[in-house]
Structures are given as C-alpha cells and as structure tokens.
Amino acid sequence: SRKQNIEIGFRIKDLSGEKLITELISYQISPAHIKRITRRTGNKIEDSFITESKDKVKFRIKPLLLTKSETKRSILANLRRESRKLIIENAQKTEFINLIQSLIPYQLQKDIKNSLKKIYPLAIYEIRVLEKI
C-alpha cells in the first residue's frame with residue numbers, strides 16, 4: 001500500500017498502570033520514497049519553515065513540490081510562497097493532532113495541490129516532514 005512510506009513518531013507522555021500515554025510528535029516520508037518520486041522531468045521545490053497550530057503547538061514543516069515540466073524561477077518562487085501561505089492558514093485553524101491526521105490519508109496534500117495547480121501543474125505535492133518543536 002502507499003502508506004508504507006510514512007513514518008510517524010510518538011513520544012511517551014505518561015505511564016499509568018499497564019497503559020502508555022503517547023503523543024504524536026512527527027510525520028515523515030522515507031528518504032527512499034522521496035528518491036523514487038523525484039523524476040527527471042520538472043523542477044523540485046523544497047521549503048522548510050516553522051509555524052503554529054490553532055492549539056499553539058509550534059512545528060517545523062517541509063513541503064516538497066515537483067512540477068510536471070521545467071519552468072521559470074519566478075513561477076517556482078510563486079509556488080513556494082503560495083504553498084507556505086496555504087499551510088500557515090490551514091495550521092492556524094486546525095489543532096496539531098488533526099493536522100497530522102489530515103496528512104495521513106493525503107487530504108491536506110490533495111487540497112493544497114489543487115489550489116496550486118492554478119499557478120502551475122504539479123506532478124507531486126508532499127509534506128516531507130512535520131515535526132513538533
């Protein structure tokens with residue numbers, strides 16, 4: 001299945017009797033998968049920035065965009081800027097746990113990819129890393 005490329009990190013918060021209480025702290029796509037999807041055609045756009053969720057959780061997020069064909073740097077810059085804006089807007093109205101839960105079924109990525117295709121057609125839009133700070 002396609003979900004085998006995702007690694008999700010947990011931190012143990014508490015131990016009560018036989019139960020471990022954990023918190024989700026990261027979401028990451030395996031580097032091998034990144035290599036496989038980065039095709040020869042098009043441009044690769046990477047970004048990395050820190051933002052905050054609705055419940056004031058700070059996190060670093062690293063989106064990866066692959067265009068369908070080679071394009072101008074101004075368009076690439078525009079894609080990166082718009083991608084960042086959409087992620088920040090989304091994060092500010094979503095709690096951290098729900099944000100990660102929207103990454104796993106690929107919902108957030110699909111929504112952003114659809115918004116960005118007005119600027120330039122993307123082959124792939126992935127969130128490479130999302131980690132709590």
Side-chain angles (χ1 to χ4, degrees):
S1 128
R2 138 177 215 176
K3 307 280 183 276
Q4 290 175 335
N5 313 308
I6 299 171
E7 298 163 15
I8 295 179
F10 294 93
R11 180 185 298 133
I12 299 170
K13 274 173 79 171
D14 195 20
L15 170 65
S16 60
E18 291 289 306
K19 281 189 181 161
L20 279 179
I21 313 292
T22 61
E23 67 174 330
L24 239 163
I25 55 164
S26 70
Y27 166 98
Q28 190 167 351
I29 292 175
S30 74
H33 181 63
I34 300 288
K35 271 196 188 93
R36 208 166 38 249
I37 63 174
T38 309
R39 302 203 172 72
R40 300 242 178 271
T41 60
N43 297 91
K44 178 178 176 182
I45 307 166
E46 292 183 291
D47 198 3
S48 174
F49 58 95
I50 293 170
T51 188
E52 200 174 64
S53 62
K54 182 182 177 182
D55 50 348
K56 302 286 180 238
V57 175
K58 277 192 168 186
F59 60 92
R60 173 171 297 282
I61 189 161
K62 299 179 181 183
L64 168 72
L65 296 76
L66 299 172
T67 61
K68 286 189 175 172
S69 54
E70 292 278 329
T71 183
K72 291 188 290 200
R73 281 176 58 190
S74 60
I75 292 173
L76 300 178
N78 206 351
L79 281 168
R80 181 182 293 117
R81 195 172 32 252
E82 190 61 23
S83 163
R84 187 180 283 214
K85 188 180 93 132
L86 290 167
I87 289 171
I88 291 170
E89 282 172 6
N90 202 301
Q92 286 171 346
K93 57 183 188 223
T94 313
E95 292 185 1
F96 184 74
I97 185 76
N98 298 337
L99 198 65
I100 289 191
Q101 286 174 342
S102 72
L103 290 179
I104 298 166
Y106 205 71
Q107 196 52 54
L108 178 66
Q109 296 93 315
K110 214 180 318 179
D111 294 345
I112 294 177
K113 183 179 175 181
N114 285 336
S115 299
L116 293 176
K117 75 180 175 195
K118 295 174 196 124
I119 299 172
Y120 197 83
L122 293 177
I124 285 171
Y125 184 89
E126 286 281 6
I127 301 294
R128 205 164 49 83
V129 175
L130 186 148
E131 56 195 0
K132 196 172 186 176
I133 297 175

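Just so it is clear, the structure is predicted and the values come from calculations on it, not from any experiment.
- Judged by distance alone, with hydrogens and angles left aside, the side-chain atoms of Thr67 form a donor-acceptor pair with the main-chain N or O of Asn43 at under 3.5 Å.
- Not a single ring-ring contact (aromatic ring centres under 6.0 Å, His included) links Tyr120 to another residue, sequence neighbours left out.
- Nearest approach of Arg60 to Ser48, heavy atoms of both residues: NH1-OG, 2.7 Å.
- In terms of the ring-ring contact (aromatic ring centres under 6.0 Å, His included) criterion, Tyr27 has no residue partners (sequence neighbours excluded).
- Across all their heavy atoms, Ile37 and Glu126 have their closest contact at CD1-CG, 4.0 Å.
- Each salt bridge (Lys or Arg N to Asp or Glu O under 4.0 Å) pair with one or both residues in residues 103-118, not counting sequence neighbours, would appear here, but there are none.
- Distance check: Ile45 CD1 to Leu116 CG gives 8.5 Å after rounding to the nearest 0.5 Å.
- Remark: Ile127 CD1 to Tyr106 OH distance equals 9.0 Å, nearest 0.5 Å.
- Pairs of residues two or more places apart, or lying in two chains, never qualify as ring pair (Phe, Tyr, Trp, His ring centres under 6.0 Å) while including a residue from residues 60-91.
- Side-chain atoms of Arg36 and Asn5, non-hydrogen and from C-beta on, do get closer than 4.5 Å to each other.
- With rounding to the nearest 0.5 Å, the separation of CD1 in Ile100 from CD1 in Ile25 is 9.0 Å.
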Worked check of side chain to side chain contact (heavy atoms under 4.5 Å, CB included) between Phe59 and Thr51:
CA-CA 6 Å; Phe59 60 92; Thr51 188; 3.4 Å; yes
Scan the side chains in residues 84-92 for donor-acceptor partners under 3.5 Å anywhere in the protein, sequence neighbours excluded, and list what turns up.
from  : atom 1 : to    : atom 2 : distance (Å)
Arg84 : NE     : Asp47 : OD2    : 3.0
Arg84 : NH2    : Asp47 : OD1    : 2.6
Arg84 : NH2    : Asp47 : OD2    : 3.3
Asn90 : OD1    : Thr94 : OG1    : 3.2

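- Considering NE2 of His33 and CD of Gln28, their distance stands at 12.5 Å, rounded to 0.5 Å.
- Ile104 has its side chain within reach of Ile8: a pair of non-hydrogen atoms, C-beta onward, lies under 4.5 Å apart.
- Within the structure, ring pair (Phe, Tyr, Trp, His ring centres under 6.0 Å) pairs that include any residue of residues 67-93 do not occur (at least two apart or interchain).
- The side chain to side chain donor-acceptor pair (under 3.5 Å) test applied to Ser53 returns Asp55, not counting sequence neighbours.
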Side chains of residues 71-83: which donor-acceptor partners sit under 3.5 Å, not counting sequence neighbours?
from  : atom 1 : to     : atom 2 : distance (Å)
Arg80 : NE     : Glu46  : O      : 3.1
Ser83 : OG     : Tyr125 : OH     : 2.9

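- Under a 4.5 Å side-chain heavy-atom criterion applied to ILVMFWY residues, the cluster that includes Leu15 comprises Ile12, Leu20 as well.
- Under the rule for a side chain to side chain donor-acceptor pair (under 3.5 Å), Ser30 has no partner lying at least two apart in sequence or in another chain.
- A search for salt bridge (charged side-chain N to carboxylate O under 4.0 Å, His left out) contacts involving Lys132 returns Glu23, not counting sequence neighbours.
- Judged as a side chain to side chain contact (heavy atoms under 4.5 Å, CB included), and not counting sequence neighbours, the contacts of Ser26 are Glu131.
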